[in-house]
Peer 1: 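To start, I am sharing the structure in question, which I have written as structure tokens.
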Amino acid sequence: MFPVICKIGPVSVYSYGFMLAIAVMTSGWLVARQANAKLGVRKDDVYDLAFWVVLAGILGARIFY
């Protein structure tokens, strides 16, 4: 696996971050679809929750490190 997928000027796109972003977007979409169909929860609420969970996870990991 290549650690750096591509470089655009001074910005590097790392494979780990790219795959993590794809995983978060895919899981958020799947959870929002299921929550709306089965529980009647609005999709916007699920996306807001996913944003805050990812942010808290990153901050918690940095604090723990």
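Reckoned from all heavy atoms, side chains included, excluding hydrogens, waters and symmetry mates.
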Peer 1: Report yes or no: does S27 contribute a side-chain atom to a donor-acceptor pair with the main-chain N or O of V24 at less than 3.5 Å?
Peer 2: yes

Peer 1: Report yes or no: do I22 and V13 belong to one cluster of Ile/Leu/Val/Met/Phe/Trp/Tyr joined by side chain heavy-atom distances under 4.5 Å?
Peer 2: yes

Peer 1: What distance do Y14 atom OH and L20 atom CG have between them, rounded to the nearest 0.5 Å?
Peer 2: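 Spacing of OH (Y14) from CG (L20) equals 15.0 Å.
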
Peer 1: Of N36, V31, L30, which meets side-chain contact (heavy atoms from CB on, under 4.5 Å) against V46?
Peer 2: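 Exactly one pass, corresponding to V31.
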
Peer 1: So which of I5, V11, V4 actually passes side-chain contact (heavy atoms from CB on, under 4.5 Å) with K7?
Peer 2: V4

Peer 1: In Å, rounded to the nearest 0.5 Å, how long is the span from CG of D48 to NZ of K43?
Peer 2: 14.0 Å

